[in-house]
Protein chains: 2
Amino acid sequence: MPEREQSTLVDRVTSKIFEMLLSGEIPLGGPVNEAALAELLSVSRGPVREAVKQLQGRGLVVKEPYLKARAVALTVPDMVEIFQLREAVEGMSVRLATQRMSDAELDDLLAAFSDAKQRGDGVALDVHVRIAEGSGNARVRALLCDELYYLLRLYRARSGKAPGRREDAFAEHWQILRAMKARDADLAESLMRTHIGRATQSLQALLETEAPPLGGTEERKTG
Amino acid sequence: MPEREQSTLVDRVTSKIFEMLLSGEIPLGGPVNEAALAELLSVSRGPVREAVKQLQGRGLVVKEPYLKARAVALTVPDMVEIFQLREAVEGMSVRLATQRMSDAELDDLLAAFSDAKQRGDGVALDVHVRIAEGSGNARVRALLCDELYYLLRLYRARSGKAPGRREDAFAEHWQILRAMKARDADLAESLMRTHIGRATQSLQALLETEAPPLGGTEERKTG
DNA sequence: GGTCGAAAAAGTGTCAACACTTTTGCCGGA
DNA sequence: TCCGGCAAAAGTGTTGACACTTTTTCGACC
């Protein structure tokens, strides 16, 4: 459960609350009660407050002064916004990575991808992470891997594995990697944007068919 | 000094610390001492802690557990990273705005821009804000206007007005607005990216000539 | 004189209590 | 019966004190 030994209580509390969001223990759009969480986790309200503030910074919790904090609703329009942002930033990420990764790093990435392809492993997201790390731009990496990533995980955990277009994704990733290997930054960026744009479109299609958002079961006490 | 009556103490403290960063009272790369700030501002350490955490979320302060927090160094390479991110996100911003803003809104924006041009007013940044608001994407707007904006302000305040290419900026903004009016999203995005890419290039040029970063004067007590 | 180690100092992390704000529910009046 | 206002309850905001970690300093030993 603890991803690795986290030194400070705040980090542990943050992880725990995030898990509660993933599992649905705190319903999407539901209230996030500091006191109840503090008692549940056997800690004071201070660390809970900071953890909530941190989650607020990541966009997982919304709140205004003196009003109850609420978990993000994560409606389909929300996800469309996030995917539009990802389209732009992942495009820049792969552009920079294409220019800055060494041949050795690229070969390594291609090999790892081939292996994963063999095993049928779901490391699709890892490709995006590796590219972001290869971009050499710490802010781009942090945005994609530390902020939007959490929202994606939450959405996928609660929406029932979302698109499920595994086959397409593999092919598209492969094309992107080939463009990187060919040092064609424009092509790589274009392919990446198309890749993510496809997911955006299937979301928007979902938006028109499925009116009811995926949301939590109901207004429920957090404790 | 208070932008507007802020209800909660944490917000006021956050603003105050940000001003201290802008003015240089807290040197870039210098230590951010919770206790000293608390005494200086006549508040408890709790609000200061949360304010620092918030600034940390905005990338203005870096810190790891039990170690002194430090103001961001804001080296030229840092700014290059930020501009690369901005290039991608502002591009998406103007693309979405071109698709979603109404004719009336666009005319309004064009008129406001013309007026500002007459007065020779430095509302250049406001164009970016208006476009981000017109994008209809709350996350894009928040990233550009609430997060990167603070870093830009800080950099401009401490680096001596940065590029100073006022003439070029006006012309480039005008071109962008014309593309928007023509509903040419591809052109608008392309122009915006070139516009920001120019600033990035002048930063990178600076990087090669000016080795010493702009940094703070020296390690100094915050109180 | 230099270096390793322990104690003190500085600074961050956590806690429990108190103050303020918002919401909820009740009561009286129209 | 419905509306407005008042009081209790719930929940957030703030505080000062205590615990833990890191850094610095001082002294003993080599």
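So you know, we letter chains A, B, ... as the sequences are listed, proteins then strands, and number each from 1. Just so we're clear, the structure is a prediction, and the values are computed from it rather than from any experiment.
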Exercise for the section: For the residue pair B:Arg70 and B:Val32, establish whether any side-chain heavy-atom pair is separated by less than 4.5 Å. Expected result: no
Handout entry: Exam field: side chain A:Thr8 to backbone A:Asp11, donor-acceptor pair closer than 3.5 Å
Key = no
Problem - Pairwise side-chain contact, B:Leu151 with A:Arg139, heavy-atom cut-off 4.5 Å (strictly under) - result: yes
Exercise for the section: Could you tell me whether B:Glu39 atom CD has more than 12 heavy atoms of other residues or ligands within 6.0 Å of it? Expected result: no
Handout entry: From A:Arg153 atom CZ to A:Leu148 atom CG, the distance as rounded to the nearest 0.5 Å
Key = 14.0 Å
Problem - Rounded distance (Å) that lies between atom C1' of C:dG13 and atom CZ of A:Arg49 - result: 16 Å
Handout entry: Footprint string (nucleotides 16-25 of chain D, 5' to 3'): B base within contact, S backbone only, - free, heavy atoms under 4.0 Å
Key = B----SS---
Problem - Separation of D:dG11 P from A:Glu64 CD (nearest whole Å) - result: 17 Å
Problem - Spacing between B:Arg70 atom CZ and C:dT12 atom P, to the nearest angstrom - result: 11 Å
Exercise for the section: Check the distance between D:dT12's P and A:Glu50's CD and give it to me in whole angstrom. Expected result: 16 Å
Handout entry: B:Ile176 and B:His195, any side-chain heavy atoms less than 4.5 Å apart
Key = yes
Practice task
May I ask you to verify if any side-chain N or O of B:Lys53 is less than 4.0 angstrom from the OP1 or OP2 atom of C:dG13?
Solution key: no
Exercise for the section: Rounded to the nearest angstrom, tell me the gap between atom CG in B:Asn33 and atom P in C:dG13. Expected result: 12 Å
Handout entry: Spacing between B:Leu41 atom CG and D:dT14 atom C1', to the nearest angstrom
Key = 14 Å
